[in-house]
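What follows is one structure encoded as structure tokens, with my remarks underneath.
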Protein chains: 2
Amino acid sequence: MKERSGMVTIIDVAKEANVSPSTVSRVLNDTGMISPATVEIVYQAVKKLGYEPNVLARSFRKKETRTILILTPNMTNPYYSNILSGISDMSREMNYSSFICNTTAGTAQVKEMLNMLPKHRADGVILLASEMGETWLRDFSENYPIVQCSEFDPDIQIPHVSIDNYKAAVEAIHYLIRIGHRKIGTISSTNRYLSTQLRMQGYKDALIEAGIEPEERFIANAGKDYSYASGCLAANQLLSQPDPPTALFCISDVLAMGAINTAKKIGLRVPQDVSVIGFDDVEQTAMFSPQLTTVAQPCYALGQKCAELLLKNLARGESISKETILPHKMVIRESTASRAV
Amino acid sequence: MKERSGMVTIIDVAKEANVSPSTVSRVLNDTGMISPATVEIVYQAVKKLGYEPNVLARSFRKKETRTILILTPNMTNPYYSNILSGISDMSREMNYSSFICNTTAGTAQVKEMLNMLPKHRADGVILLASEMGETWLRDFSENYPIVQCSEFDPDIQIPHVSIDNYKAAVEAIHYLIRIGHRKIGTISSTNRYLSTQLRMQGYKDALIEAGIEPEERFIANAGKDYSYASGCLAANQLLSQPDPPTALFCISDVLAMGAINTAKKIGLRVPQDVSVIGFDDVEQTAMFSPQLTTVAQPCYALGQKCAELLLKNLARGESISKETILPHKMVIRESTASRAV
DNA sequence: TTCCGTCGTGCAATCGTTTGCATAAACTCA
DNA sequence: TGAGTTTATGCAAACGATTGCACGACGGAA
């Protein structure tokens, strides 16, 4: 790699254009009044010298990085990667860059990464998937711009964007009941996400509302990781008991796929013997066979919205509304079938 | 959000510790000689005031951002997201941050993003999936540190990390031949990736080596996007002809899944009637049914290696070796079966 | 004691922009 | 024509860290 050709600064441009650095700066930033003639001259000098403003110097002076931090527990999971994609694209659209960081290691790592804000390495942060009970977050949010995506803690009023998980669950169960199911199980999780709690509540309430008493034996918990393997395990527990459920509401698509493959292994046909509903609607649900019936979350839009809220606050000082709910949608495909009542 | 409590600078720390700012700087950076006593005093002052160095000022002065740029055509595709994850984790380990940018819009967008380097917004760049023929890249690489992941152009000598695609394809075809297949088709793509070209060459050479003449009618091209839908289309073309192939070598797992589901739709059983091999070994291959036989790429490690090479160059001035090949691996699962000869 | 090398520290310049203030020129309007 | 206003520009001081250079103190060798 050859030595970078002597960096050209705003001073060089000023000299070339026979004006002061201030004027060049004003032209480039379109701030202050400058005559059209000068503008033209400056642009020509910029072009002639191939000047590129030093973002570092600019950021330093203006005390803004035009960069946001995104913390995600995982970036290979399609649910998160779609959100990340939404955030990322919207950021660029609004002339911001974004640092995406895995925080697999949990709270300690989150805290460590959040230090980027006091260090002036980022202007604001979007948190994906924070668990409940992190009260220290409130203090942090009083000092720095922050938006939470999908998950939040109702007791800690931090601006957040999500879907209505309770309603979504209720709708899913209603649908199963409507097509004739009475013995409806669920594969939930032991994590501390609000969404998990709300979906469980929706599941129970919808059953009760229909006059069906929720049964403990129809409820199974997958691991915190929402992994395929733990979906298999949970499904096995539910389906291999005597008088098993005829329908399963899973709180994620991956879990649902595990459930379906497990059902097949046990010798049950999906959807003829058991119906399965997933949650999220990640791409692979349509490639899976049978194609998954699921509750679709607008992941990409969720991400976009988070970025939009945060950046409008950063760039224009607009305050961030505490709660934004985006619409979900039941997508009925092949993994559910009606049952003669 | 309340006003950030008056930022504390290195000068405040210096005052508190009764030393000069230079000394504080030297303590914090562990550069130059300072007495243990002073070190102690400075650290106490830092702690007492809750001082966080202003990264912006530091970067500006040192002319380094400790940030790398990663350009990917897509971040939701699990193949890429695993690489990104590897890069990302390794960067953090080496105390660097990374900007991840989608460059869906193609070359123009790549060029635009690469401008972050002359603008001093990043110190180096990792390119995922560059197509061949981008000769302007050579000039760029002479001025800035750059590493290419997976794809590169042999005519443009830029440091790169990848697997041996030719050999991998040859192995896959050998395997199919060994288990009794003679009519072997391939689903390739019309993109301009070197990997595509090499895999095609490997496919043909392996057949010829085994005394089988490659037939045009056994070769189909999916779209440039490697999408599921285009995999379905290509498979349909291949399998619905008279005397169809008994095995399919697909250049990506998603394509393979499309092929398998299409085969099923046509009424062919996989693997009994037709064997299918994928490429990449993304997570979902194991959740798919039948589980996919495929050529595994070490995506995460690929990413790690790229980051390691780039960062060692950035941080320690080590030169980057032009070519790094990581091992691939055939993973035999359920989508292939031997055929009575 | 004198000389020299090493150690520990401070001074002040510097990095490239932005921006508050001052000012000169050009207009407006009575 | 002169006073007041607007327009266009330059000057110089920041921003917060790092770092080359200088200097005093100290220790050991001659």
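Sequence lines set the chain letters: A, B, ... in the order given, protein chains first and strands last, and positions in each chain run from 1. As the structure is a computational prediction, the values presented were derived from the model and not from experiment.
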| request: In whole angstrom, give the distance that lies between atom CG of Asn54(B) and atom C1' of dC15(C). | output: 14 Å

| task | Starting from P on dT14(C), measure out to CG on Leu56(A) and report it in whole angstrom. | result | 19 Å

| field | Per-pair stack call Phe60(A) and dT17(C), 5.5 Å, 30° | value | no

| field | N-O pairing of Glu142(B) and Arg138(B) below 4.0 Å | value | no

| field | Heavy-atom donor-acceptor pair, Arg26(A) side-chain to dT18(C) base, under 3.5 Å | value | no

| Separation of atom CD in Glu64(B) from atom P in dG16(D), rounded to whole Å | 20 Å

| field | Nucleotide of dT18(C), dG16(D), dT9(D) approaching Thr23(A) most closely (side-chain heavy atoms) | value | dT9(D)

| field | Short side-chain N/O contact from Asn29(A) to OP1 or OP2 of dT18(C), under 4.0 Å | value | yes

| Once you round it to whole Å, what is the distance between P of dT18(D) and CZ of Arg66(B)? | 12 Å

| query | Rounded to the Å, how far apart are Lys119(B) NZ and dT17(C) C1'? | reply | 14 Å

| field | Side-chain N,O (Ser20(B)) to OP1/OP2 (dG10(C)) below 4.0 Å | value | yes

| task | Classify the nucleic acid contact of Thr38(B) as base, sugar-phosphate or nothing, counting any heavy atom under 4.0 Å across all strands shown. | result | sugar-phosphate

| Which of the following nucleotides, dC7(C), dT19(D), dT17(C), is nearest to the side chain of Met33(B)? | dC7(C)

| task | Return the value, rounded to whole Å, for the distance between atom OH of Tyr51(A) and atom C1' of dG16(C). | result | 7 Å

| field | Donor-acceptor under 3.5 Å (Asn18(B) side chain, Ala14(B) main chain) | value | no

| message | Reading DNA chain C from 5' onward, which residue's closest nucleotide shows up sooner: Ile34(B) or Arg61(B)? | response | Ile34(B)

| task | Look at the side-chain N and O atoms of Ser59(B) and state whether any lies under 4.0 Å from the OP1 or OP2 oxygen of dA17(D). | result | no

| request: Tell me whether the OP1 or OP2 atom of dG16(D) has a side-chain N or O from Lys63(A) closer than 4.0 Å. | output: yes

| Closest to the Ser22(A) side chain: dT19(D), dC11(D), dG16(C)? | dC11(D)

| Just how far, in rounded Å, is P of dG16(C) from CG of Leu49(A)? | 15 Å

| What's the CD1-C1' distance between Ile10(B) and dA17(D), to the nearest Å? | 6 Å

| For the atom pair CG (Asp123(A)) and CG (Leu314(A)), what is the distance rounded to the nearest 0.5 Å? | 5.0 Å

| message | Can a side-chain donor-acceptor contact be found between Asp153(B) and Ser130(B) if the only test is distance below 3.5 angstrom? | response | no

| task | Using a 4.0 Å heavy-atom cut-off across all strands, classify Val19(B) as base, sugar-phosphate, or nothing. | result | sugar-phosphate

| request: Give Ser25(B) one of three labels, base, sugar-phosphate or nothing, depending on what nucleic acid heavy atoms sit under 4.0 Å from its own. | output: base

| request: Indicate whether any N or O donor in one side chain lies under 3.5 Å from an N or O acceptor in the other, for Glu134(B) and Thr107(B). | output: yes

| task | Decide whether Asn54(B) and Arg121(A) meet the rule of one side-chain donor and one side-chain acceptor closer than 3.5 Å. | result | no

